[in-house]
Q: 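Dumping the structure here so I can ask a few things about it.
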Amino acid sequence: MYKEYKQLNLSQTGKEILDFWKQKNIFEKSITSRPAGNPYTFYEGPPSANGMPGIHHVMARSIKDIFCRYKTLKGYQVKRKGGWDTHGLPIELAVEKALGITKDDIGKKISVKDYNDACRKEVMRYTDVWNDLTEKMGYWVDLNDPYITYKNEYIESLWWILKQLHNKDLLYKGYTVQPYSPKSGTGLSSHELNQPGTYKMVKDTTITAQFKVKRDGDSEFLFNGIDTEVFILAWTTTPWTLPSNCALAVGEAITYVKISTFNPYTYLPVCVVLAKDLIKKYFKAEGENASFADYKGGDKIIPWKIEAEVKGSQLVGIHYEQLMPYVTNEDLEKNAFRVIPADFVTTEDGTGIVHTASVFGADDFRACKENNVPSVMVKDETGKDVPLVNKQGRFVDEVTDYAGRYVKEEYYTDAERAEEGFKPTDVLISIKLKTENRAFDVKKYEHSYPHSWRSDEPILYYPLDSWFIRTTAVKDKMVELNKTINWKPESTGTGRFGNWLENLVDWNLSRSRYWGTPLPIWREENGTEEICIGSIAELNEEIAKSIKAGFMPEGFKLEDMHRPYVDDVVLVSSTGNKMLREPDLIDVWFDSGAMPYAQWHFPFEGQEEFKNAYPADFIAEGVDQTRGWFFTLHAIAVMLSEASDEVKAINEQVGNKGIAFKNVVSNGLVLDKNGNKMSKRLGNAVDPFETIEKYGADAARWYMISNASPWDNLKFNEEGIDEVRRKFFGTLYNTYSFFTLYANIDKFTYSEAEIEISKRPEIDRWIISLLNTLSKEVDGYYADFEPTKAARAIQEFVDVHFSNWFIRLSRRRFWKSDNTEDKLSAYQTLYTCLIAISKLMSPIAPFFADRLYCDLNAVTGKEEFESVHLAYFPEYDSALVDAELEERMQLAQDVSSLTLSLRKKVNINVRQPLSKILLPILDKSFKLHVEQVKDLILSETNIKDIEYITDTAGFIKKKIKPNFKALGQKVGKDMKVVAEAITNFSQEDIAALETNGNIPVLDGKYEVLATDVEIIAEDVPGWQVANLGKLTVALDVTITNELKQEGISREFINRVQNIRKTKGFEVTDRINVQVSSTPAIREAVENNLSYICAEILADSITFVDNLTGGEPVTIDEQEILIAISKV
RNA sequence: GGAAAUAUAGCUCAAUGGUAAGAGCAGCACCCUUAUACGGUGUCGGUUAAAGGUUCAAGUCCUUUUAUUUCCA
C-alpha cells in the first residue's frame, strides 16, 4: 500500500524527513556513496555565531545547498566543511555591551585576558541556534568538524601565509591618514566615527590664504597685462595644517578667474585666482570695475576687476612659493608646492581651490600620492619621518613660531584658555599671515566636525602606522584571473568587483584591537631589524634564543596565540637587542579569506585535503561580500600563487593559475514585503524559525528561489510562500494522492513488465516527451547556476502539463475496472513522472522530494537508493522526445481552450454535448496533427465531431499580417508603405498569394512571399468563431433533441455523483437508484440508461412516484428527487 | 563623490530590436470536478520611472535625469 495522507503538511513532512536523515545518516551517505576521485569543491563562507540568524541566511544557504545537492545527484562527491568566523569588531562590541565597559576600560577595569576570554565565549553564543536552523532549513553542511578562526592551528596557517608574503616583500609598514584622538592616543574606526553625537557643530577660525605663484614658463600666462604679484586663493578650516601644505588641488573642468584688487589687510594691490562661481563670496558687487586710483586703505568698498578666465586644467602644474616655510628640502622644492588636479574639488564653498596637506587628510593623502607630491615631514630622534604635529597634537620644534603649541584650542585646559593673552594657534597663524600679505580673508565659520566619543574633543586626521599587503604588486594578475571566474550575475564580476580591482590600493591589514589574529612581526625599537614568524615551531626557536639572551623567563611556552599572551613574547635581534611584537591585529577579512588553507591547517597538516579541495568549484554569499570575502579569497590566492612554493606546486598539479574559486553566486538582499530593509528596530524582520515551522522549509526555499533570481533583491512576502504551498506543493501532493487512490485499489506495484514507450498511447508518450525535455532544461539551468529558471520550469510542468492536462485527461483510464494494458500504461507513465519530479526538485525542496521518492519506492522498490539525495539526476533520452507530438498536444490544448471559450460566449455549459466544431485548414499537416489528438479534444470539450473546411468555397474570411522580421531585411526603409499595402490586401489578393506563393507590391518593386506574411482564417460567417494566433475554431451551436437528452443525462450523472460524494460512498461501491421524475427527464434518462449506469456504478435505476427520503435536485429547471443506496 | 544593481498591471515576475507588452496572485462574474482548498472561461487592470536620441521598427540599444538599494570614499 502506498502511504496516504489526510492533507498536505509540509512542516510535519520536514520534521519527519529530518529524523529519517539523521537516523539513516543520509548526509554522510550522500558523500561516501560518491567516488573521492570525483570531487566537487564547495567553500563555506563562515558566518559569525555571535548574532542570531535571519531569514536572509535561509536565502543564502538555500543557494549553497541547491548546487551542492545538484552536483551530488550528478555523481560528484561534495564535501562541505562548515566554519565559524570568530574575530572582529562586532564581537568586541557585543562583549563590551554585555560587560558594560568601553574600550578604554580594557587593561584597567578588566584585564586583556578576561576580556579575550569573554570574547571567546561570546563568539559561539548562538552556535546552537545556528545549528538548529541549519538542520531545520535542510542545509547540508558538516558541522561536526568545522574550522574555527580563533583556534591556534588556524592562526598558525595565517602566520604562515603572512610570512610567505613578508618573504617576498609583499607585507610592509607604512601609514594611512585616519581619524585620531590625541587625548587617548588611538585611532578611531569608521564604526566609532559613526556613533551618534560624534559630529558636532563647531566655530573655527578659517583662512583664505594667498599662495604666491612662481613666475616661469608654466605660469607666464597669468602675468599677462598685470604688474602685481599673482596669488592663488585657497580656503581652509584647519589653519594649523598650513605649515604642512604641499599642494593645491583644482577641478580640471572648473572655470577660474584672475582678479585684480587690493588685499583687505595690507591694502597692497594684488592679483588673485579663484573659481568664477565663488566671486560673490569674496567681492562686493559695488566694487566691480570701481576706480583703483581712488582706493584708499581701509575703504569699505574694495575695487576689483576680472582680468581673465582660465580652466582648472590650465592651472595644473603651476608652482608656488611655500606659504609657511618652516620645513623644506630638495625633494619638496622640486616636487611639491604645485597645482594638482583632484576629483573631489567643488565650488560649493571656499575658493574652488583646495589647500592640500597630505598627512592630515585622507583625500589629500590620496591626491598627493596619485600626483607624486611628497609630504612635509621632519625626522624624529630615530631618524624616522614624522609629521609637523606630534601624537599629543602639538607642533614639533621645527615649526619654530608655534613649537609645543596644541593645534586645536580644545586640547588646552579651561584654565589655560582663560589666561590673559591666550590665543588659539589658528588665530596666531592668521595674524602672521595677515601681516605677511598672505591672508586674503579670515573669519569664523561654523561647521560640523567629528569628535572623539571618548574624550569629546575634536579629532585630527593624522597619519598612523599601518601594515599593508602590497596587493598593487599583483593587481594585473588579479584582474586577468578574475576574467576566468564565472560570476553570477556577470555584472558583479565585471562591474563591482572588476572596477574595484582596477582601482586597487594596498590592503591595510592593521587593526588596533584585542580580539583577533595578532600580526606575527617582531621589531627592534628603532625599526632596523624585524622578523616575521611563520609557525609555532619557528616562534619557539626564537623564544629559545631570547631565553638564552635573558629577555624571557625559562620554560616559557605560548599556549594561546592571542593577546595578551603573544605580547609576552620578546625576541632577540641579531645584534642582541630586544624585539617587540608590532601591537596590531590583522583585518578579520584576512581570517576568512585564508580559509582554503587554514581550514586544513595547511601546510602543517592536511596537504592532501587541501590539494583535493583547491580551488573551489563553487562559492556563494551575499553581494555585500564582494569586497569582503570574495576579494580576500581572490587576493590571497593570487598572492600565494606568486609568493608560496607550496601553493605554486599544488596549483601546478591541479592546473590552477592562481584563483580560489571558479564559480561564484552573489545573492541580493532580503527585504520586507514593502521593499524596506529588515531590522529588529523596525520590527519587520522575519523570524526564520517561525516561517519554517508554519510553512515548512520546502515552501520557504521554493518561494525564495522561484520568486526572483538570487541576485535580485527579494521582497519577502509570506503570502508568496502560501501561494507556493497551494499552487505547487498542493498540486503535486494531489497528483500523488490521485495516484495512491487508484494504485492502492488496483494494487499497482510496478511489478508488471515495462510497457514499451512506443506502444503507449499518445498522451503518455507526450508527457514522457515533455518530461525528458524538462530534465534536460532543468539540468542546464542548475549547471548554469540558474535555480530560479529550474524551479519555474518544474513548476510549470507540474501544474500546467502534468496535473491539469495529463492526469485530468487520463482520469477515466484509471477508473476502468479491468486491468487493461492502457491502464497499466497510465500507471507506469504517472509513476515515472512522479519519481522524476522528485529528483528534479530535490535540490530546492529536499524534504518533500524525499518523502515523495521514498513513499513511491517503498512499494515498488524500483529504485535502489534509500533517499532521493542518494539517487542520480534523471537521464535525458532524446529518443523519447517527439517535438511534433508536443506541438500537436499544444494544438489540442488550444483548440479545447477556444472551444470552451465559445461555449461560454453562447452560454452552453460543458455537460451539454454539441455536434461539431469546424476547423479551417491552414496547411496540409494541420489536419493530420489534429486527427491524432481528436479524441482528446472531443472528450475535453464534449463535442461529437470535428469537421475541416478549406477556403475553396470562399467560405472563410481571411486576415493578413506582415511578418516584420522577414520583411525588414528585404524592404528596409519602405517598411511602412509595404506593411500598409499588405494590410490592405483584398480577399482576392490573399487568395492569389496563397495559390501563387508570391505577389508583387508597390507596383512590382517588391515580391511578397508567403513567408513574409501571416495569414489567419479570421471568420466563418454565420458561425461562432474564436481565434488564437493562426488557429481558428468555429462551433456548431445547434442542440438537437437527442443532444438535449444526452445533456440531461449528464446532468443526472453529475447529481448522482454529488450525492455519492456527500454520502461518503467509496468510489467502488455499486448502487441502486430510485427517481421521482418529470416525464422529460425520465425520457432522457431512459434513452441513455446503460451509459448512465456505467458512469454511476448503478445496478438499477427505477422510477417511482412520490419517492420519500430522496434528495431534491434541479435539472434543466425541473425539480426531481433522487435516492441512492448501496447494493 | 565613485562603482554597481533594480525600475514593466494593485502585488510577484516574463517578454532572441520585429510592430496588439504576457503569466501567476489579488478583485469581479460565470463554469467545471468520483485527485484537487485545484482548475477553466471571461472581466478589470499598462504613458514599460522620466526626457532625449539611434533605427523602417525600442520595454529591449545609446545619452541624460529621477527613485530605491548595496559597496566604497
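In what follows, every chain begins at residue 1, and chains take the letters A, B, ... in the order their sequences are listed. Reckoned from all heavy atoms, side chains included, excluding hydrogens, waters and symmetry mates. Here the structure is a predicted model, which is why all the values come from computation and not from measurement.
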Q: Expressed in whole Å, how much space separates the P atoms belonging to B:A4 and B:C61?
A: 15 Å
Q: Taking the side chain of A:Ser901 as its heavy atoms from C-beta onward, which of B:G42, B:G24, B:C32 lies nearest to it?
A: B:G42
Q: Using Watson-Crick or G-U wobble geometry with both distances under 3.5 Å, which nucleotide pairs with B:C61?
A: B:G53
Q: Starting the side chain at C-beta, find the nucleotide from B:C56, B:U69, B:C25 nearest to A:Met975.
A: B:C56
Q: Could you give the distance separating B:C28 and B:U64 at their P atoms, to the nearest angstrom?
A: 47 Å
Q: What contact category does A:Gln1057 fall into here, base, sugar-phosphate, or nothing, at under 4.0 angstrom with non-hydrogen atoms?
A: base
Q: Tell me: CD of A:Glu723 to C1' of B:G10, nearest whole Å?
A: 14 Å
Q: Counting the atoms with a prime plus P, OP1 and OP2 as sugar-phosphate, which does A:Ser491 contact under 4.0 Å by heavy atoms, base, sugar-phosphate, or nothing?
A: sugar-phosphate
Q: Indicate yes or no: does A:Glu1095 engage A:Arg1050 in a salt bridge with an N to O separation below 4.0 Å.
A: no
Q: Does A:Arg792 reach a base, just sugar-phosphate, or nothing at all? Heavy atoms under 4.0 Å.
A: sugar-phosphate
Q: For B:A23, give its Watson-Crick or G-U wobble partner with both distances under 3.5 Å, or none.
A: B:U12
Q: Within this structure, what is the NZ-to-P distance between A:Lys789 and B:A23, rounded to whole angstrom?
A: 20 Å
Q: With the threshold set at under 4.0 Å for non-hydrogen atoms, list the residues of residues 798-805 of chain A touching RNA chain B in residue-number order.
A: A:Ser803, A:Asn804
Q: Report the distance from atom CD of A:Gln795 to atom P of B:C13, rounded to the nearest whole Å.
A: 13 Å
Q: Calculate the interatomic distance between A:Arg811 atom CZ and B:G39 atom P; express it in whole Å.
A: 14 Å
Q: Under 4.0 Å, counting only non-hydrogen atoms across every strand here, what does A:Ile807 touch: a base, just sugar-phosphate, or nothing?
A: base
Q: For a quick check under 3.5 Å, do A:Tyr733 and A:Asn9 share a side-chain donor-acceptor pair by atom type?
A: no
Q: Please give the distance between the C1' atoms of B:U48 and B:A14 as a whole number of Å.
A: 13 Å
Q: Partner of B:G42 by Watson-Crick or G-U wobble geometry, both contacts under 3.5 Å, or none?
A: B:C28
Q: RNA chain B: A:Asn1054 or A:Gly730, which has the more 5' nearest nucleotide?
A: A:Asn1054
Q: Using the C1' atom as the point on both nucleotides, what is the distance between B:A35 and B:A29, in whole Å?
A: 27 Å
Q: B:U19 P sits how many Å from A:Ile982 CD1, rounded?
A: 14 Å
Q: Would you say A:Tyr742 places a side-chain N or O within less than 4.0 Å of OP1 or OP2 belonging to B:A35?
A: yes
Q: Identify whether NZ of Lys or CZ of Arg in A:Lys823 sits under 6.0 Å from the centre of the six-membered ring of A:Phe814 and within 45° of that ring's axis.
A: no
Q: Distance only, no hydrogens: is a donor on one side chain within 3.5 Å (strictly under) of an acceptor on the other, for A:Asn508 and A:Asp587?
A: no
Q: Given the C1' atoms of B:A9 and B:A5, what is the spacing between them in whole Å?
A: 23 Å
Q: Output the single nucleotide from B:U41, B:U69, B:U36 whose closest atom is nearest the side chain of A:Ser897.
A: B:U41
Q: Between B:A21 and B:G46, how far apart are the two P atoms, rounded to whole Å?
A: 12 Å
Q: Where the side chain of A:Lys961 is defined as all heavy atoms beyond and including C-beta, which of B:U34, B:A20, B:G18 is the nearest nucleotide?
A: B:A20
Q: Would you call A:Lys1126-A:Asp1069 a salt bridge at under 4.0 Å N-O?
A: yes
Q: As a test of reading the structure: which of B:A3, B:U69, B:U6 is closest to the side chain of A:Asp712, going by heavy atoms?
A: B:U6
Q: For the pair A:Glu786 and A:Lys488, find out whether any cationic side-chain nitrogen is under 4.0 Å from an anionic carboxylate oxygen.
A: yes
Q: Looking at B:U47, which nucleotide sits across from it as a Watson-Crick or G-U wobble partner, both distances under 3.5 angstrom, or is there none?
A: none
Q: With the threshold set at 4.0 Å, does a side-chain nitrogen-carboxylate oxygen contact exist between A:Arg792 and A:Glu796?
A: no
Q: Nearest whole angstrom, please: distance from the P of B:A35 to the OH of A:Tyr827.
A: 12 Å
Q: B:C38 phosphate, OP1 or OP2: any side-chain N/O from A:Asn734 under 4.0 angstrom?
A: no
Q: What integer number of Å spans the P atoms of B:A57 and B:A67?
A: 32 Å
Q: Using the C1' atom on both, measure B:A3 against B:G45 and round to a whole Å.
A: 38 Å
Q: Which nucleotide, B:U6, B:C13, B:A37, lies nearest any side-chain atom of A:Asn707?
A: B:C13
Q: Once you round it to whole Å, what is the distance between P of B:A14 and CD of A:Glu786?
A: 10 Å
Q: Can you see which heavy atom on A:Cys833 is nearest to which on A:Ile767, and at what distance?
A: SG-CG1, 3.8 Å
Q: Compare side-chain N and O positions of A:Lys715 against OP1 and OP2 of B:U68 and report whether any pair is under 4.0 Å apart.
A: no
Q: Look at the side chain of A:Asn499 and decide which nucleotide, out of B:G40, B:A4, B:A73, has an atom nearest to it.
A: B:A4
Q: How long is the line joining CZ of A:Arg496 and P of B:C72, in whole Å?
A: 9 Å
Q: Counting side-chain heavy atoms from C-beta on, which of B:U19, B:U34, B:C31 comes nearest to A:Asn909?
A: B:C31
Q: On RNA chain B, does the nearest nucleotide to A:Glu719 precede the nearest nucleotide to A:Glu1051 from the 5' side, or the other way round? Give the residue.
A: A:Glu719
Q: Going through the distances and angles, do A:Arg808 and A:Glu940 end up as a side chain to side chain contact (heavy atoms under 4.5 Å, CB included)?
A: CA-CA 9 Å; A:Arg808 205 152 59 86; A:Glu940 180 66 10; 2.8 Å; yes
Q: Who is the Watson-Crick or G-U wobble partner of B:A37, with both distances under 3.5 Å?
A: none
Q: Below the 4.0 Å mark, does B:A26 have OP1 or OP2 next to a side-chain nitrogen or oxygen of A:Arg726?
A: yes
Q: Are A:Phe497 and A:Trp487 close enough that their ring centers fall under 6.0 Å?
A: yes
Q: Which one is paired to B:U6, where only Watson-Crick or G-U wobble pairs with both distances under 3.5 angstrom count?
A: B:A67
Q: Measure centre to centre between the rings of A:Tyr831 and A:Tyr827, then say whether the value is under 6.0 Å.
A: no
